[in-house]
Number of protein chains: 2
Amino acid sequence: MTYCVGMLLEKGLVMAADTRTNAGVDNVGKFKKLHTWEFPGERVFVLLTAGNLAVTQAVTSMLSEQIAHPPEMGETLKSAKTMFQAAHVVGSAVRAVKASDEGFLTANGEAFAASFIFGGQIGSEPPRLFNIYAAGNFIEATADTPFFQIGEHKYGKPILDRVARSSMELGEAAKMILVSFDSTLRSNLSVGLPIDLLTYETDKLKIEHTKRIGPDDPYFKMLSTEWSKALRTAFSNIEALDI
Amino acid sequence: MTYCVGMLLEKGLVMAADTRTNAGVDNVGKFKKLHTWEFPGERVFVLLTAGNLAVTQAVTSMLSEQIAHPPEMGETLKSAKTMFQAAHVVGSAVRAVKASDEGFLTANGEAFAASFIFGGQIGSEPPRLFNIYAAGNFIEATADTPFFQIGEHKYGKPILDRVARSSMELGEAAKMILVSFDSTLRSNLSVGLPIDLLTYETDKLKIEHTKRIGPDDPYFKMLSTEWSKALRTAFSNIEALDI
């Protein structure tokens, strides 16, 4: 399984993905699920992927190949004029992989499973964030719901539901997302460290801050310990049910 | 959907179930999913149910009818000599409903979905707790894993994973389970108030404490507010990621 969170803030984007993949519990691997394309001063894109790894890697490879060798028809991530168009480019790549592979997957008893969180900024347009489905269609984040989750999303949703606001600082949002990962990691073995974390500040048009967070990362260790302690204290401070 | 938690403590049992049922989002109902059978001084049983409501109601009705009109062969909840035998009685009822209904459900494109948490005490045997599956087989709680969840279990699992200990007092365990419900209620519309909560003290051999917790319950309102406040404070107290 996988856990990814993307959040659209007034001040930018925070995107995070774990790196564990598994086919059953006895075939566990480590693969990057946070992918970036960057044209400094012009545009940046971040894609988080969940689902069948062969499908999601095919999509990211296709997006890169299109940039290197632009097709005669249609846009690429390099040529798209808006983030809406760029999300269409990703959706079209998903549809192309679906058209080529779904029959073979189905014949093998497997489903065409893939989902994506896609964020970025092009030129003077504000940053935008999309949740792209296996059908290639997508929805866009707004101030009402500024975050998307894909993969094993339920364990880590309560903290986001309580705390997420699009007015947060990038560092606060990153902290919140890491708390959400901490809860997920504790309760589900299919999500594992390291976490890839990217923060993007609006209008920078380049990627300055990415961080791979492993088990020895001092900030994540502190956060995990302090959060556990604080939860226990908070829990003790509430009076027990009088029965 | 549904959310139920059952916990086995050194001092007894705590069992809780929500009351929302839904077939799609436009057909929402309220049904009791916490069922009890009591023979004061002799034995008590609590059954929490999740899954297809027709299936789970058939199982509970069958268990009651067997007590009223004991079959010539086999045990009933009234005659079982141990909780292990009583769990078998429940499992057999599940298998009987499966044998009679599964073909019709499948023909209608529906699955035979049902799961149960079954706890209780018979005579001088200590209280025991079981998770009974749709196949009628079951597992039993131990001190290592003293709780079971069925239904929409992921949102409320992190707090249980962090706090649950079989040495807890009944009132503390009830508080923890209500925090777990609070997180689930906030993040998933298919789980709804009121919550039925039962606490059973070892060796009482009768049911003294049941409580239906609705939106106006003062304890649950306090817990929900205080927990939210405490989480926000705990979150604020952790330093943000320095980016």
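Between the side chain of A/Tyr219 and the backbone N or O of B/Glu239, at least one donor-acceptor pair lies under 3.5 Å. In this structure, the side chain of B/Lys175 engages the main chain of A/Ile238 through a donor-acceptor pair within 3.5 Å.
Contact annotation for A/Lys229: neither backbone nor side-chain heavy atoms come within less than 4.5 Å of a heavy atom of chain B. Of the atoms belonging to B/Met176, heavy atoms from both backbone and side chain fall under 4.5 Å from chain A. With a 4.5 Å cut-off on non-hydrogen atoms, B/Leu160 does not touch chain A at all. Contacts between A/Ser236 and chain B at a heavy-atom distance below 4.5 Å involve the backbone alone (N, CA, C, O). Interface residue A/Ser228: backbone and side-chain heavy atoms are both found under 4.5 Å from chain B.
Interatomic distance, B/Tyr155 OH to A/Ile159 CD1, rounded to the nearest 0.5 Å: 15.5 Å. Remark: B/Ile243 CD1 to A/Glu201 CD distance equals 7.0 Å, nearest 0.5 Å.
With sequence neighbours excluded, the residues forming a salt bridge (charged side-chain N to carboxylate O under 4.0 Å, His left out) with A/Arg162 are B/Asp182, listed by chain and number.
For B/Asp242, the CG atom is loosely surrounded, since the number of other residues' heavy atoms within 6.0 Å does not exceed 12. Heavy-atom neighbours of B/Lys206 NZ from other residues, nucleotides or ligands within 6.0 Å: at or below the threshold of 12. More than 12 non-hydrogen atoms from other residues, nucleotides or ligands lie less than 6.0 angstrom from NZ of A/Lys32. In this structure, A/Ile139 places its CD1 atom where more than 12 heavy-atom neighbours from other residues, nucleotides or ligands lie under 6.0 Å away.
By the 4.5 Å heavy-atom criterion applied to side chains, A/Glu152 and B/Lys154 are counted as neighbours.
In terms of non-hydrogen atom pairs under 4.5 Å with chain B, the most contact-rich of A/Ala230, A/Ala234, A/Ala173 is A/Ala234. Of the listed residues B/Glu226, B/Arg232, B/His209, the one with more heavy-atom pairs under 4.5 angstrom with chain A than any other is B/Arg232.
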Under the side-chain contact (heavy atoms from CB on, under 4.5 Å) criterion, do A/Trp227 and B/Leu231 qualify, and how do the steps go? CA-CA 9 Å; A/Trp227 184 245; B/Leu231 282 192; 3.9 Å; yes
Apply side-chain contact (heavy atoms from CB on, under 4.5 Å) to the pair A/Leu241 and B/Glu172, showing each step before the final yes or no. CA-CA 7 Å; A/Leu241 181 66; B/Glu172 281 288 302; over 6 Å; no
